[in-house]
Amino acid sequence: MNALPREFYARDVLEVAPDLLNKVIVHGERSARLVEVEAYAGTDDPGSHGYRGPTPRTEVMFGPPGHLYVYFTYGMHWCANAVCGADGTCMAVLLRAGAPLTGLEVMRVARGPAARRDRDLCSGPAKLCQALGIDRAVNGTDVVAGTGVTICDDGTPPPTDPGRSTRIGLTAGADRRWRWFVTGDPNVSR
DNA sequence: CCGCCGATCTTT
DNA sequence: AAGATCGGCGGG
């Protein structure tokens with residue numbers, strides 16, 4: 001299973017986001033197949049953390065593609081994005097949900113008693129990070145290098161006709177249909 | 001299954 | 001003061 005090359009990410013986020021469906025995110029022995037993503041397009045996008053320009057929090061999104069932008073929200077949750085586009089631009093794909101593949105025992109411990117079923121492990125952006133052990137420690141790390149958090153291609157193609165909708169949980173920029181998901185997958189968030 | 005509410009703290 | 005969320009609880 002090969003890490004996706006840097007060029008994969010060095011494109012417009014609206015091309016990269018649907019292409020990330022069915023790719024595999026790996027962290028140590030834990031892995032999950034991505035089934036739900038959202039695109040965020042920086043300074044043109046009122047829904048993006050980067051809308052008002054770079055800050056200490058968002059500087060990773062303005063950097064080179066193929067890195068992880070991890071942010072903390074609601075006082076308790078981590079969420080992860082794959083940074084896209086050219087260095088200096090601000091584009092990222094929020095990794096919203098995955099189908100657990102390996103390391104399910106470790107994921108269950110990490111997620112705690114709320115995760116009764118397998119589909120409770122990775123079926124949301126903060127659940128995915130908690131299950132995979134993604135937090136501040138891996139913000140800015142390279143997902144191409146093959147060390148640490150890596151996004152891989154195991155040969156499964158993206159769906160030819162993915163589900164599509166507006167993004168979830170936004171007030172600003174809520175009208176853009178920049179969410180893609182694997183239709184019918186039980187791990188897609190609600 | 002659905003909807004509401006509180007938790008908790010960083011960022012602006 | 002609000003936020004790219006989640007889990008528990010109550011009702012249908």
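Side chains are part of it too, since the values below use all heavy atoms of this structure and drop only hydrogens, waters and symmetry mates. Sequence lines set the chain letters: A, B, ... in the order given, protein chains first and strands last, and positions in each chain run from 1.
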Subject >> Centroid under 5.5 Å and tilt under 30°, A:Tyr71 to C:dA4 >> reply: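 Stack criterion not met.
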
Does the structure place the NZ or CZ of A:Arg11 under 6.0 Å from the centre of the six-membered ring of A:Tyr9, at an angle of no more than 45° from the ring's axis?
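So A:Arg11 doesn't make the cation-pi contact.
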
Shortest side-chain distance from [X], nucleotide among [options]:
{"X": "A:Thr171", "options": "C:dG7, C:dA4, C:dG3", "value": "C:dG3"}
{"X": "A:Arg119", "options": "C:dG7, B:dC1, C:dA4", "value": "B:dC1"}
{"X": "A:Arg111", "options": "C:dG3, C:dC6, C:dG7", "value": "C:dG7"}

Separation of [N] [atom2] from [X] [atom1] (nearest whole Å):
{"X": "A:Leu170", "N": "C:dG3", "atom1": "CG", "atom2": "C1'", "result": "10 Å"}
{"X": "A:His77", "N": "C:dG3", "atom1": "NE2", "atom2": "C1'", "result": "11 Å"}
{"X": "A:Arg167", "N": "C:dT5", "atom1": "CZ", "atom2": "P", "result": "11 Å"}
{"X": "A:Leu121", "N": "C:dC6", "atom1": "CG", "atom2": "P", "result": "13 Å"}

Applying the Watson-Crick and G-U criteria (both distances under 3.5 angstrom) with [ ] for crossing and | for other-strand pairs, one obtains for DNA chain C |||.|||||||.

Hey, does A:Gly47 reach any base, or is it just sugar-phosphate, or nothing, if we go heavy atoms under 4.0 Å?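 The residue A:Gly47 makes base contact.
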
Exercise. Is any NZ, NE, NH1 or NH2 atom of the basic residue among A:Asp154 and A:Lys23 found under 4.0 Å from an Asp or Glu carboxylate oxygen of the other?
Worked result: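 Answer for the salt bridge query: no.
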
Answer yes or no: is there an ion pair linking A:Asp118 with A:Arg111, defined by an N-O contact shorter than 4.0 Å?
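A:Arg111 and A:Asp118: not salt-bridged.
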
* To do: Would you check if the side chain of A:Arg164 reaches a backbone N or O of A:Arg177 as a donor-acceptor pair within less than 3.5 Å?
  =>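 Between the backbone of A:Arg177 and the side chain of A:Arg164 there is a qualifying donor-acceptor contact (under 3.5 Å).
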
Main chain of A:Glu29, side chain of A:Thr102: is a donor-acceptor contact present, judged purely on distance under 3.5 Å?
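Side chain of A:Thr102 to backbone of A:Glu29, a donor-acceptor pair under 3.5 Å: yes, one is there.
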
### Task
Hey, can you tell me if A:His49 and A:Tyr69 have their rings parallel, tilted or perpendicular (30° and 60° cut-offs)?
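The arrangement is perpendicular - the two ring planes meet at more than 60°.
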
inquiry  = So, OP1 or OP2 of C:dG7: does either fall under 4.0 Å of a side-chain N or O from A:Arg116?
reply    =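 Checking A:Arg116 against C:dG7: no side-chain N or O falls below 4.0 Å of OP1 or OP2.
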
Summary of salt bridge (Lys or Arg N to Asp or Glu O under 4.0 Å) pairs that have at least one residue in residues 82-103 of chain A, sequence neighbours excluded: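 Counting only pairs at least two positions apart or across chains, the salt bridge (Lys or Arg N to Asp or Glu O under 4.0 Å) contacts touching residues 82-103 of chain A are A:Glu36-A:Arg96, A:Glu38-A:Arg96.
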
Quiz item: Do A:Phe72 and A:Asp135 touch side chain to side chain, with heavy atoms closer than 4.5 Å?
Solution: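 Of all side-chain heavy-atom pairs linking A:Asp135 with A:Phe72, none is under 4.5 Å.
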
A:Pro46 side chain near A:Arg176 side chain, heavy-atom distance below 4.5 Å
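Yes. Closest side-chain heavy atoms under 4.5 Å.
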
Contact list (N/O, under 3.5 angstrom) for nucleotides 8-12 of chain B vs protein:
from	atom 1	to	atom 2	distance (Å)
B:dT8	O3'	A:Gly75	O	3.4
B:dT8	O2	A:Tyr74	O	2.5
B:dT12	OP1	A:Thr55	OG1	3.0

